[in-house]
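To start, the structure itself, in structure tokens.
We name chains A, B, ... by the order of the sequence lines, and we start the count at 1 in each one.
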Amino acid sequence: MSEPVDLKTTVNLPKTDFPLKGNLSQNEPLRLQKWEAMNLYEMLREARQGKPLFVLHDGPPYANGNIHIGTALNKILKDFVIKSRSMMGHWAPYIPGWDCHGLPIEIKVEEELKKNKQELDRMAIRKAARAYANKFVDLQRQDFKRLGVLGEWDNPYITMAPAYQANIVRALSKFVERGAVYKGSRPVHWCISCVTSLAEAEVEYSDHSSYSIYVKFAFPDAAKVDPALADKRVSIIIWTTTPWTLPANLGISFNPKFEYNAVAVGDDVFIAANGLLEDVAKKLGWETYEIIGTYSGEVFDRLNARHPFVDRDSLLMLGDHVTLEAGTGAVHTAPGHGYEDFLIGREYGLEIYNPVDGRGYFMKDVEHFAGNRVVALGKNDPDGNKAVIAHLESIGALLKSEKFNHSYPHCWRCRNPVIFRATPQWFISMEKSGLNAAAVESCDNIHWHPGWGNERMKNMFRDRPDWNISRQRAWGVPITVFYCDDCGETLLDPAVMNYVADLFEKESADAWYEREVKDLLPPGTKCGCGSEKLSKENDILDVWFDSGASWISTMEPRGLPYPADVYLEGGDQFRGWFNSSLVIGLAVKNAPPYKGVISYGWAVDGEGRKMSKSLGNTVEPEKVIKQSGAEIIRLWCAAVNCYEDMRISPEILTRLSDAYRKIRNTARYCLGNLDGFDPATDNVALNEMLEIDRWALASVNEMTKRCLDAWQRYDFTDVYQAIYHNATVTLSALYFDILKDRLYTTAPKSLERRSAQTALYEIVVRIAKLSSPLLAFTSDEIWENIPGATAEAASVHLTTFPAYDEHLRNDELLARYDKLFGVRDVVMKALEEARNAKLIGAGLEAKVTITANADTRAFLESFGADLRFMFIVSGVALQDGADLKVEVAKADGEKCERCWNYTTDVGVNAAYPGACGRCAQNIDTMLTS
RNA sequence: CGGCUCGAAGCUCAGUCCGGUUGUGAGCAAUCGGUUGAUAACCGAUAGGUCGUUGGUUCAAAUCCAACCGAGCCGACCA
């Protein structure tokens, strides 16, 4: 007994290797390396062997460009689902995929090839496109992995893999078996200079000078509208800016909601919409006119007018697409030359008539105009527009002709104006095949999350036209059909298609282009006419067909069950992948490919507006990762409600970084105070624990329940709220604050400290596990720092969620402490007032006198000597009174140098002059044990 | 234009289906203060909302209905 004890060294302060700062941008890549080195995904597969499956089938992103906040969100939400189901004890495999074919890549590749003056034949494009797609699969794979998404990254599915391509063809053959595939016509953008169809993306709009003409169509059925018109010379006036489409006119469209007039002008009677009559009169120079009849547009339905120069009728139809913006309200309709014309023409059963060849010349059988070019490109071109106008004039059908400037589509390559021209296309029939009805019916058996998805999907199918699966393109899977060179018959045969598919499986779909026809066909294949001279179809499949067939190529070969448990994508996929997958699933397997569909909202900026590079309001995942870490993006995905549009902005990310630090520090506090605690030997039995520690366990048990429930319901926001609220309020502000005195001052092996540590241990284990799907990196880092944890499992991701524990449940305690903390609020307010009055600084400088009614007083007394620790003051006195009131005074005695409480017995033990009696005892216990 | 969704404190989120102490809702941020033994941490107090607007139904509306305003997705390739 000589050296005075340094009191400071006898305080058990937190000690941990778990750093205060996450330093995420540096540490996350290290953790990813570690997971890769230990092969975490395979470990998980082994750990879950024989466990019930949970299959989320990944929708493939397009292998083009870098990832953006939307694709990051997509993968992270999927990771939430996969990881949480895994933590529930399922084997939840994740096989990522990529959509590789299609126009955007083809366009990019064409640009590059052109720059290098390389040839643009199909195989050149296909080779370059494959290389391009491969490059972006690799880039995106790196980016997705960086987000902490766990999966079978070394063996993803890609739609351009030979086996996948083969399965696409096999899926198509199933539609053929059902008789659901037919050839039809549809107008597409067409460049007569490049002699090719163009996609919307290849069309640019710029000003163009067209002819604007008014034409009269004789209306022999006029008397059916109004007997008073019986003996009159009645015509319907139409207006158009594309005179060359008149030879293809098959009808005139009226709006059923508009009023139309019969107008007498001299000896003529004209029909035009009431709302445009004045404009028409002005244009046509009518000095006087008389309205002799007014009719609803509906009455014209299915009557006939006469084509002005072709010997046929022109059917009158009704459509909402007719507007009063310009013209006459009676719209010239040529189903082969316009999309809306096509739609209404199909509805009325008109032929999709196209009398124009690929270079823009009227075909031979077009009376008067054969050999004219619809749009003259050179000086010597016989101009179809002019010819039509001249002819109309010569037969007296032209009422007016003038020049007209407007925005018109042009080919982005050659800059020439584009026309609309019906070309042969392959379709999947939806109505006749019964697929529409089957799709609508199947919707009710699918679990939609959110629920309105059901309605949205059904609406999508209720009115869905036949699916146009043809693309006049190079980069994709060919529609494996042949034509007879002799009789023109189509060879549409499932057996032949499957034969081709087997070939694709070995050689990829390139075989279609590299091989002779005879090598693509089963030996001895002949057309029905006996001819062996066959040629291949040039069209490829719509890429929605590719991705829609993903289940078959991805899950089936891996022995995974049909249907998948869930598909999860953005709301845009109702028209996209959800849709095509359902159609293909129904056609191939007679059942939907998914039991459930989760759809989420769109990422928008801080003001709720869409993000665009031109507006400069985008949030780049790469930047966020660099600045704050991928964990912050993950946190964002959970913190905002992903089932609506989700706002993201610098402020929101700052708030989330704050929240992250709070959660991190809460875990760190637990870890720091578990120093010297071995759960195997130091655990205190529940019934021996101090009351507030049992409360803490009851409380974290409730949080567990809330999290489990929220994970189950895919309510990620609630998981985040539960964990965050638990960290800030329950733990940091209440439990930890109260616990400090006990943890720091009691002897390391004392019941008091071990009891607290038992609770802290359980709490931090639960935080790590329950947050692991969300905070994939940090939860694992916490896990590593929990005593004994890594011996149990090498990674938190290999563990399972804790259960809601009936032993820990204690509703009475929860209510009791709720009540206590209510009183605490009043005490805090009083302390604050005293602080403002400069009476005290720290709470421990105070003693409080609480006035309370008998009930409350008895309640407070039940906490005994611990009450002052609950309020973190040096003394509490109770007195009777009606209303709850708190008075604050300076605490009695002196400040103990060790525990900082004010007591009257500081120095009572001469061995420790600065310490209070309680501390002196604790030190003795420490030194002797 | 058609289908679907969303508008509440500066921010995120409960509450809206099934109207009734829901406007003293939570946390964060802000402001002011405390602490310096979770320390680029921690604790407390204060102040913040005509629940998009306007009408209606009702004794009573953030909640039900209608219209309007604003925002977003889809309608042949952006999650």
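Closest approach to the A:E832 side chain among B:G33, B:C28, B:C42 is made by B:G33 (side chain taken as heavy atoms from C-beta onward). The side chain of A:K838 lies closest to B:G34 when the candidates are B:A79, B:A71, B:G34. Comparing B:A41, B:G72, B:G37 against the side chain of A:R661 picks out B:A41 as the nearest. Counting only heavy atoms from C-beta on, A:T71 has its side chain closest to B:A79 among B:A79, B:G3, B:U12. Of the listed nucleotides (B:G37, B:U12, B:G27), B:U12 has the atom at the smallest distance from the side chain of A:Q721.
Between A:K662 and B:C42, a side-chain N or O to OP1/OP2 separation shorter than 4.0 Å is present. For B:U39, the OP1/OP2 oxygens have a side-chain nitrogen or oxygen of A:R668 closer than 4.0 Å. Within the 4.0 Å cut-off from OP1 or OP2 of B:A79, not a single side-chain nitrogen or oxygen of A:K78 is found. In terms of phosphate contacts, A:Y600 brings no side-chain nitrogen or oxygen within less than 4.0 Å of OP1 or OP2 of B:C73.
Between the C1' atoms of B:A61 and B:G55, the separation comes to 13 Å (whole Å). The same atom, C1', is picked in B:A8 and in B:C13; the two are 11 Å apart, to the nearest Å. Rounded to a whole angstrom, the distance from the P atom of B:C64 to that of B:G15 is 13 Å.
Here OH of A:Y735 is found 10.0 Å from OG of A:S699. Values are rounded to the nearest 0.5 Å.
In the interface, the side chain of A:R835 is not paired with the base of B:C43 through any donor and acceptor atom under 3.5 Å apart. Between the side chain of A:T654 and the base of B:A29, no donor-acceptor pair under 3.5 Å is found.
A:S550 and A:H57 share a side-chain donor-acceptor pair at under 3.5 Å.
B:G19 shows a glycosidic angle more than 90° from 0 and is accordingly assigned anti.
A:D658 comes within 4.0 angstrom of the backbone, heavy atoms only, and of no base. Counting any heavy atom pair closer than 4.0 Å across all strands shown, A:N64 reaches no nucleic acid atom. A:K740 comes within 4.0 angstrom of a base, heavy atoms only.
Closest-nucleotide positions on RNA chain B for A:P61 and A:E644 were compared, and the one nearer the 5' end corresponds to A:E644.
Classified by interplanar angle (parallel below 30°, tilted 30° to 60°, perpendicular above 60°), the ring pair A:Y567/A:W577 is parallel.
Nearest heavy atom pair, residue A:A63 against residue A:F136, reads O-CB, 3.4 Å.
Contact check on A:K78 versus A:E569 returns a salt bridge, with a Lys/Arg side-chain nitrogen under 4.0 Å from an Asp/Glu carboxylate oxygen.
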